[in-house]
Q: 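Starting off with a structure, shown below.
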Amino acid sequence: MDLDSLLQVLIPSWEAVAILFVFFFYLAIAGSVLPGRIIPGVILSDRTRLHYRCNGLLSLLLLVALLGIGVKMNYISPTAISDRGLELLSATFWFSVLATFLLCIAGYSSSSQSSSLKPRATGNFIHDWWFGIQLNPHFLGIDLKFFFVRAGMMGWLLINLSVLARSVLNATLSQSMILYQTFCAIYVIDYFVHEEYMTSTWDIIAERLGFMLVFGDLVWIPFTFSIQGWWLLTNRAELTTGATIANCLVFLIGYLVFRGSNKQKHMFKKNSKALIWGKPPKVVGGKLLASGYWGIARHCNYLGDLLLALSFSLPCGISSPIPYFYPMYLLILLIWRERRDEARCAEKYKDIWAEDKESEGLKEDKDLLAFRELKLRKEGIPLPGKERPCFLEQA
């Protein structure tokens with residue numbers, strides 16, 4: 001990296017700051033005035049609940065339309081973002097740092113006792129800055145946590161569209177770029193179609209808003225999830241027909257598992273009697289869903305997420321590990337999250353969680369026994385009479 005590139009990373013340009021400011025200003029106005037469903041959030045510890053205006057899809061479509069008109073009338077360059085990638089990365093990073101310092105100051109000075117704004121400070125400034133002090137801070141009536149994750153997802157799509165425009169102008173548009181752009185566009189649009197599901201995720205209901213979340217939403221999502229597109233601008237990957245079909249299948253299976261499992265979780269949280277795959281849900285201890293995808297494994301949504309991440313990288317071929325940064329990072333993150341979720345659920349649900357693990361173990365034992373019996377039948381070996389494990393009699 002030369003000195004100019006280093007300075008671009010460390011010192012944002014005024015053009016990048018202006019682009020970021022206009023983007024945030026648009027999201028603030030559009031999110032407040034455009035029509036959308038008002039979705040109640042989960043009930044907090046003080047029995048209150050926040051309400052979210054889910055108009056992200058309309059905000060996104062209007063923004064893309066306005067940008068398209070601006071490009072058509074030569075008011076805006078379609079490559080304004082892709083030509084200033086490092087500058088925008090720098091501007092967004094420093095905004096995240098500044099915003100979270102201000103959130104820390106606001107948290108320390110807050111005397112609110114509500115679940116959303118009650119300060120949860122440890123006295124260690126670095127810890128409080130990183131993990132946050134308040135659960136759901138607001139600014140001018142805007143829920144900042146919901147605002148930042150919306151900005152990150154839209155920013156990812158805008159970066160991709162600008163990279164696509166640069167590829168077209170450079171006459172380097174390839175099948176790989178089209179596949180990558182298509183998969184990502186479907187994913188982002190689908191996210192906003194089901195934006196209300198975000199209101200029941202752990203990040204929204206339990207994580208305090210600090211640098212970890214703000215950086216993750218504003219910097220990590222748009223600038224690392226788009227690495228494949230940047231890579232394809234200067235590299236070419238030749239895909240066979242079979243590889244293309246396989247890539248599409250990976251995306252489709254990942255999408256079905258990811259969207260299906262998250263939808264079941266959200267429906268269950270809203271109505272514990274909602275049908276899962278057309279049947280009444282199986283519930284452990286009255287709290288834990290054990291039907292549908294969640295009856296197959298505890299984290300099918302993680303599997304779907306990993307398959308989707310892989311499908312975004314497969315269009316780049318296998319000549320370089322760089323496009324696979326996202327799925328590799330996500331694998332490490334989800335393994336850590338799975339361990340964290342296990343510990344938190346064991347602490348929160350106690351006996352219910354132990355019962356769920358025990359029932360899951362019994363299910364695995366039954367499946368193993370059924371497989372062994374099938375193998376014995378195929379080999380013509382008589383099945384043992386009463387020498388069955390006692391768990392079958394107890395089930």
Side-chain angles (χ1 to χ4, degrees), residues 22-66 99 103 106-107 110 112-118 132-158 185-210 213-214 216-218 221-222 258-276 281 287 289 301:
V22 171
F23 177 53
F24 286 159
F25 182 77
Y26 168 83
L27 288 185
I29 299 300
S32 301
V33 302
L34 291 181
R37 294 181 60 196
I38 306 298
I39 303 298
V42 300
I43 299 176
L44 302 175
S45 58
D46 61 357
R47 310 307 298 170
T48 62
R49 68 197 313 170
L50 299 176
H51 290 77
Y52 301 90
R53 184 187 295 272
C54 291
N55 57 7
L57 180 62
L58 181 58
S59 300
L60 174 63
L61 295 178
L62 178 60
L63 177 58
V64 172
L66 291 173
L103 285 172
S110 174
S112 175
Q113 293 302 307
S114 69
S115 294
S116 291
L117 300 178
K118 181 179 180 180
I133 296 176
Q134 294 175 305
L135 183 63
N136 295 299
H138 286 64
F139 178 71
L140 299 178
I142 299 172
D143 184 291
L144 293 178
K145 190 186 290 184
F146 202 64
F147 176 86
F148 288 148
V149 70
R150 177 180 285 184
M153 293 298 293
M154 287 192 190
W156 178 19
L157 182 60
L158 293 181
I186 292 173
Y187 181 87
V188 174
I189 292 172
D190 176 78
Y191 170 88
F192 286 110
V193 169
H194 301 95
E195 189 177 26
E196 68 174 272
Y197 295 176
M198 188 66 193
T199 63
S200 61
T201 60
W202 182 265
D203 287 352
I204 293 293
I205 66 179
E207 295 279 15
R208 299 188 298 276
L209 187 61
L213 276 188
V214 175
D217 290 339
L218 297 182
I221 288 176
F258 176 77
R259 178 53 59 214
S261 56
N262 281 320
K263 182 178 181 180
Q264 289 176 356
K265 178 181 68 173
H266 182 75
M267 289 171 55
F268 179 73
K269 286 184 177 181
K270 291 183 66 175
N271 178 11
S272 61
K273 296 182 180 179
L275 298 181
I276 303 294
K287 295 182 178 181
L289 177 63
N301 55 333

Q: Can you check whether I221 reaches F148 side chain to side chain, under 4.5 Å on heavy atoms?
A: no

Q: For the residue pair N301 / S261, report whether a side-chain donor-acceptor contact shorter than 3.5 Å exists.
A: no

Q: Output the distance between atom CZ (R49) and atom CD1 (I205), rounded to the nearest 0.5 Å.
A: 12.0 Å

Q: Looking only at atom types and distance, does a side-chain atom of Y52 sit under 3.5 Å from a main-chain N or O of T199, one as donor and one as acceptor?
A: no

Q: What I want to check is whether the side chains of D203 and T201 have a donor and an acceptor closer together than 3.5 Å.
A: no

Q: My understanding is that only residues two or more places apart in sequence, or in another chain, count here; which of them pass salt bridge (charged side-chain N to carboxylate O under 4.0 Å, His left out) with R53?
A: none

Q: Look up atom CG in L60 and atom CG in L157, then write down how far apart they are to the nearest 0.5 Å.
A: 5.5 Å

Q: With the side chain counted from C-beta on, respond yes when H138 and F146 share a heavy-atom pair under 4.5 Å apart, and no when they do not.
A: no

Q: Are E195 and R150 ion-paired here, with the side-chain N under 4.0 Å from a carboxylate O?
A: yes

Q: Side-chain contact test, heavy atoms from C-beta onward, threshold under 4.5 Å: evaluate it for Y26 versus L62 and give yes or no.
A: yes

Q: Begin from the C-alpha positions of F23 and L63 and carry the test side chain to side chain contact (heavy atoms under 4.5 Å, CB included) through to its verdict.
A: CA-CA 9 Å; F23 177 53; L63 177 58; 3.9 Å; yes

Q: Considering only heavy atoms from C-beta outward, does the side chain of V214 approach that of L209 to under 4.5 Å?
A: yes

Q: With distance as the sole criterion, is a donor-acceptor pair present between the side chains of S112 and S114 under 3.5 Å?
A: yes

